[in-house]
Enquirer: 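The structure under discussion is supplied below as structure tokens; questions concerning it will follow.
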Amino acid sequence: MSCIGLFLIHKFIFPIGSLILPHSDARRRGELICSHIRSISKAREKNMLAWIPVLWSAVSILHFAEASHFRGGITMLRPVENPVNNEYEMEISFFVSWRRTSSPGGNCDQTVVDNEVLLSNDDLICMSGCSSINVARGYYCTAFSVEENWSFGDRFIDYDFSNYSNTVITIGFQGYAWMSPFSSAWSVPTTISLTKRPDIGRINSTPRAITAPVVKLLENCVHNMHLAVMDPDNDIVRCRWAVGFLECGGICNAFRGAVLDEANCIITYNAINGTGLMVPALMIEDFLPGSNTPMSSVALQFVVEVYSSSEPCSSQPDFTPNTLPQRACVAVPPNTDLQMKLEANSGKAGETITSFTVIGPVGLVKSAIFPVAQADVYAINVTWTPTPSQLNKAHILCYFVKNSLGLTSPQSCVNVMAGMGPPYLVESYPSNRVHPKDVSIDMKFDQGIQRSPTPAKLTIRDYQTDELFIEFDLLNSPDLFLYNLKYAAILQNLTFPEKKTFYVELESGAFLGFGCELASAGVYGKDAWKFTTMDITPPIIHPITMPAKISGIELLEWKVNEPAEVTCQVDGGEFEVCADGEYTIYSLELGMHYFVIQAIDLEMNYDIFNHTFEIVEPEPPCASSGCGMNIKNEININF
């Protein structure tokens, strides 16, 4: 079907009157639609039914052409910490910005923010590798500007991707149109493999990149924009310019003159080309060491505004070293509040800071601006109490200031990990009583962990003497294995002496958490992690008096080499307790009999001793002293 046909379809479905934009824009929008169709149709040309969503996408672009409302965004994925369904459950987090006086996306005010009203938003769609993705529309507005006409917000959604396991998928947002003067189609994709990584035992997490919706740059100044990027898996992160309709829609190359340091994700721009709006469209990608093949790619798009002033570049305000810098990571442990102080220099003697703009999660509270002891320096306090629904999420906190000259500072953005403290050991093996042979060491933490780049040891010592039994260098140990996100094991079969107690100590910083990469807490002290090896050697029964022939009453005697429960049995009868290592035989019939001793120690090891004996008639007694005489006489006769 030709692109002209699409215009005819639109004319048939929607009245021409609904297209309120000038006719002069029609050819340019038609070209965008044709480009969009051609970029998708090659992969679908064998399936005519697959044209339906393509046609609808194009029709939607035409129908909503009047709504130039998009201002940028990003979509990121990471494995869910405690999946309800399976290991393919992923947390989808997206941050998006819209023109405030638009729909969808707009109508944000303080009441909307305070009441966490779910505002309309374009659908998150599957772009490749999957047939559909059922994610509810909407986002929560967390910040807005009436003066600059923007709203900004986020959404966190857990989604089960098990239907697409071991595949590469691309999801994201597409639509029309970017804010004026671009009025172009947008496309903000994220590509990730849903195959478990062998090095960490789980699905990859995409890089995270954060920015304010609008970055303001003073004209005729050189600006270095350090993008706040980080990787939850501690992978290598690089940035590049987006290319092609899928990666950047109609705003590719919309930040002309900017230079990108790909390795460090720094954009340098010399603002000498006049004022106005621009859109950086980037792809943030993560790599394994030595590889040039990205494991995931995340589109980041935002607005840059160049503004003019008669003031020199040196008059721009900036944050002091007492404020967290760009790319910092802030962990908010469970049951605690975020408390931060933002402090900025006005940039010029005698000037003041007139506003602190803070973009962050719902519930963030700013104090009034107050001066500090240092001249021309002003500050605010920021507090935030995470709600249960905000815990275990990676939130964005961006801030910038404006001084009394109307100049804006560079922005700083940090990650805020709600409900996150350092990783703590919650389960360990060996523990309690264990078999002394083939012992491996297993650890489970309260959150996801990764290897630490700093040296740390795990030691096992004798509980009584503190003598070192074995030591592991976790930084260099080839036997250390991490699996299932929260687990670590030392794959070495150890053999311990029996019936002894040992204790284990784990140095702090042996592992790192994700997000802010907090060092794991240590395990110290003799009673924090201890275990006792079992007795696996059976007891030994040593016979003392065990005659082969018994006449009358006889005492059988034995010893057992360790504490044990001893029972005895005669001729297959009931076992009965026989204490003190003795048993009296009496009242048995003449003939062969058997006697069984069974000793069971505390670990249920046992020994069995069998003794066969004969009951015989007792010898007749001798008459007075005649027996001796008879024997003597008999001997004498023989001689």
Enquirer: Mind checking whether Val439 and Asn493 have side chains closer than 4.5 Å, heavy atoms only?
Expert: no

Enquirer: Are side-chain N/O atoms of Thr75 and Thr190 paired as donor and acceptor at under 3.5 Å?
Expert: no

Enquirer: Could you go through the side chain to side chain contact (heavy atoms under 4.5 Å, CB included) check for Met230 and Ile284 one step at a time?
Expert: CA-CA 10 Å; Met230 55 87 69; Ile284 318 298; over 6 Å; no

Enquirer: So that I can tick it off, tell me whether Arg202 and Asp233 are bridged by a salt bridge, with the cut-off set at under 4.0 angstrom between side-chain N and carboxylate O.
Expert: yes

Enquirer: Does this structure show an ion pair linking Lys457 with Glu507, if we count only N-O contacts that are shorter than 4.0 Å?
Expert: no

Enquirer: In terms of side-chain geometry, is the basic nitrogen of Asp462 or Lys500 positioned less than 4.0 Å from the acidic oxygen of its partner?
Expert: yes

Enquirer: Is the distance from the ring center of Phe445 to that of Tyr424 below 6.0 Å?
Expert: no

Enquirer: Does the side chain of Asp601 come within less than 4.5 Å of Asp535's, by heavy atoms?
Expert: yes

Enquirer: Are Glu576 and Thr567 side-chain neighbours, meaning at least one heavy-atom pair lies under 4.5 Å?
Expert: no

Enquirer: Phe502 and Tyr463: aromatic ring centres closer than 6.0 Å?
Expert: no

Enquirer: Determine yes or no for a side-chain-to-main-chain donor-acceptor pair under 3.5 angstrom, with Gln450 supplying the side chain and Gly513 the backbone.
Expert: yes

Enquirer: Would you say the side-chain atoms of Glu498 and Thr537 include a donor-acceptor pair closer than 3.5 Å?
Expert: yes

Enquirer: If you measure only the distance, is there a donor-acceptor pair under 3.5 Å linking the side chains of Thr383 and Asp337?
Expert: no

Enquirer: Considering only NZ, NE, NH1 and NH2 on the basic side and carboxylate oxygens on the acidic side, decide whether Arg197 and Asp235 come within less than 4.0 Å.
Expert: yes

Enquirer: Do Pro436 and Thr495 touch side chain to side chain, with heavy atoms closer than 4.5 Å?
Expert: no

Enquirer: Give a yes or no on whether the ring-centroid distance for Phe94 and Phe156 is below 6.0 angstrom.
Expert: no

Enquirer: For Met443 and Leu506: C-alpha separation, side-chain torsions, deciding distance, then whether side chain to side chain contact (heavy atoms under 4.5 Å, CB included) applies.
Expert: CA-CA 10 Å; Met443 296 166 277; Leu506 177 67; 4.1 Å; yes

Enquirer: Taking all heavy atoms of Tyr503 and all of Asp466, pick out the closest pair and write down the distance.
Expert: OH-OD1, 3.0 Å

Enquirer: Verify side chain to side chain contact (heavy atoms under 4.5 Å, CB included) between Arg208 and Ser93, making sure each step is shown before the conclusion.
Expert: CA-CA 10 Å; Arg208 301 189 66 80; Ser93 58; 3.5 Å; yes

Enquirer: Do the side chains of Arg238 and Asp286 get close enough for a salt bridge, i.e. N-O under 4.0 angstrom?
Expert: no

Enquirer: For the residue pair Phe613 and His593, does the interplanar ring angle fall in the parallel (under 30°), tilted (30 to 60°) or perpendicular (over 60°) class?
Expert: parallel

Enquirer: Trp529 side chain to Pro430 main-chain N or O, any donor-acceptor pair under 3.5 Å?
Expert: yes

Enquirer: Just checking, any donor-acceptor pair under 3.5 angstrom between side chains of Tyr88 and Asn163?
Expert: no

Enquirer: Would you check if Tyr483 and Lys196 make a side-chain contact, meaning some heavy-atom pair closer than 4.5 Å?
Expert: no

Enquirer: Is there side-chain contact between Pro539 and Asn605, with heavy atoms separated by less than 4.5 Å?
Expert: yes

Enquirer: Do Thr323 and Lys341 make a side-chain contact, defined as non-hydrogen atoms from C-beta onward lying under 4.5 Å apart?
Expert: no

Enquirer: When you compare the side chain of Phe161 with that of Thr167, does any pair of heavy atoms fall below 4.5 Å?
Expert: no

Enquirer: Determine, stepwise, if the pair His395 / Gln390 fulfils side chain to side chain contact (heavy atoms under 4.5 Å, CB included).
Expert: CA-CA 8 Å; His395 298 272; Gln390 293 171 322; 3.8 Å; yes

Enquirer: How are the rings of Phe469 and Phe496 set relative to one another: parallel (under 30°), tilted (30 to 60°) or perpendicular (over 60°)?
Expert: parallel

Enquirer: For Gly525, does its backbone N or O pair with a side-chain atom of Glu505 as donor and acceptor, under 3.5 Å?
Expert: yes

Enquirer: Please tell me whether Ser296 and Thr206 have a donor and an acceptor in their side chains that are separated by less than 3.5 angstrom.
Expert: no

Enquirer: Run through Ile192, Leu77, Ile125 and flag the one making a side-chain contact (heavy atoms from CB on, under 4.5 Å) with Ile171.
Expert: Leu77

Enquirer: For His611 and Tyr583, I'd like to know if the aromatic rings sit close, meaning centre-to-centre distance below 6.0 Å.
Expert: no

